[in-house]
Protein chains: 2
Amino acid sequence: MAPRETNPNFMNGVPELIILRLLQHEEMYGYEIVQAIRERTDAVIVVGEGVVYPVLHGLEHDGALRSRRKTVNGRSRIYYSVTATGSRRLATLSKTWTDLAAAIQTMLTGGHHAKTAS
Amino acid sequence: MAPRETNPNFMNGVPELIILRLLQHEEMYGYEIVQAIRERTDAVIVVGEGVVYPVLHGLEHDGALRSRRKTVNGRSRIYYSVTATGSRRLATLSKTWTDLAAAIQTMLTGGHHAKTAS
DNA sequence: CGATGATACCTTGCGATTCGATGTATTGCA
DNA sequence: TGCAATACATCGAATCGCAAGGTATCATCG
């Protein structure tokens, strides 16, 4: 996951942000995450498995996540949880998202011109 | 610009959204847009010319923008303005953005839903 | 028993978008 | 003359998200 130098490739990395956030709350496994995102956003956001798994692997590779196998009902699952590194990453991404969303919101609703009305 | 079937390719198209919004307010030309975005967002968002011009051309091609040449101070500029089609497009994109941003915001700050236990 | 569907993992190819660099031309200024 | 700013444009590379497909296990139903 190469860092951008100017913008954070805009809004890319939103899946990453959401996944980190979910995992910070509680340990989850890939398949579960896919459904959790759909349900909790009322299907406004739907990320497929082809998005979730690569992100999970990438984050683990970067040390942001930790995984452990667990078999439940004869079903093998891989549970992921956030590391300290991951927490920091989440904080950074959250802030970036907030700033960006605020900037866009300003452009959409905000005053039109009027730069620094003094 | 192909429509997505599930999500709007997430946050892609934000430049398009911003540009349409700027142009709805007033006629502008490419070079001006680049700077306007940087200035009005306090450099939180910076889109290069390599982003702006292609978007401008694409939107005009789709009939969302209209252009007219104008020479000012011996400088040739191409001013763009929003058509009715463009206005509709802006409305759609705005709504999509708002919904998406709200959903993400909910995930970030929102309550930790207890899921269906057992 | 066999079929189907849900669970659970994973990878790949494609398309779309953005980014940085580069190119051209004109104007203003020192 | 040389340099910076203005103003247009395009290209190659990188990235990301997505749909589709692949494997395997388990539960259920006929």
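Sequence lines set the chain letters: A, B, ... in the order given, protein chains first and strands last, and positions in each chain run from 1. Predicted model, so just to flag it, every value in this text is computed and none were measured.
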Checklist entry - Rounded to whole angstroms, how far apart are OH on A/Y31 and P on C/dT11? => result 18 Å
Checklist outcome for this item: Whole-Å distance, A/K70 NZ to C/dT7 P, equals 18 Å
Item to check | Rounded distance (Å) that lies between atom C1' of D/dT6 and atom OH of B/Y53 | outcome: 9 Å
Next on the checklist: Test: ring-ring contact (aromatic ring centres under 6.0 Å, His included). Region: residues 32-54 of chain B. Which pairs qualify, not counting sequence neighbours?
Outcome noted: none
Next on the checklist: So, using side chain to side chain donor-acceptor pair (under 3.5 Å) as the criterion, who are the partners of B/R88 when residues are at least two apart?
Outcome noted: none
Checklist entry - Atom CZ of A/R69 and atom P of C/dA8: how far apart are they, to the nearest Å? => result 13 Å
Checklist entry - In chain order, what residues pass the side chain to side chain donor-acceptor pair (under 3.5 Å) check against A/S67, with sequence neighbours excluded? => result A/E60
Show every donor-acceptor pair shorter than 3.5 Å between a side-chain atom in residues 30-37 of chain B and any protein atom, with sequence neighbours excluded, or say none if there are none.
residue : atom : partner : partner atom : Å
B/E32   : OE1  : B/Y29   : N            : 3.3
B/Q35   : NE2  : B/Y31   : O            : 3.4

With the criterion being N/O to N/O and under 3.5 Å, what pairs connect the protein with nucleotides 21-26 of chain C, and how long is each?
residue : atom : partner : partner atom : Å
C/dT26  : O2   : B/R75   : NH2          : 3.3

Checklist outcome for this item: For A/R68, the salt bridge (charged side-chain N to carboxylate O under 4.0 Å, His left out) test, sequence neighbours excluded, returns A/E27
Next on the checklist: Listing request: all salt bridge (Lys or Arg N to Asp or Glu O under 4.0 Å) pairs with a residue in residues 90-108 of chain A, at least two apart in sequence or in separate chains.
Outcome noted: A/K95-A/D99
Checklist outcome for this item: If each end axis of the helix from C/dC1-D/dG30 to C/dA30-D/dT1 is fitted on five C1' pair positions, the angle between them, to 10 degrees, is 0°
Next on the checklist: Using the salt bridge (charged side-chain N to carboxylate O under 4.0 Å, His left out) criterion, which residues pair with B/R38? Sequence neighbours excluded.
Outcome noted: none
Checklist outcome for this item: Result for 5'-nearest mapping on DNA chain D, choosing between A/G48 and B/R77, is B/R77
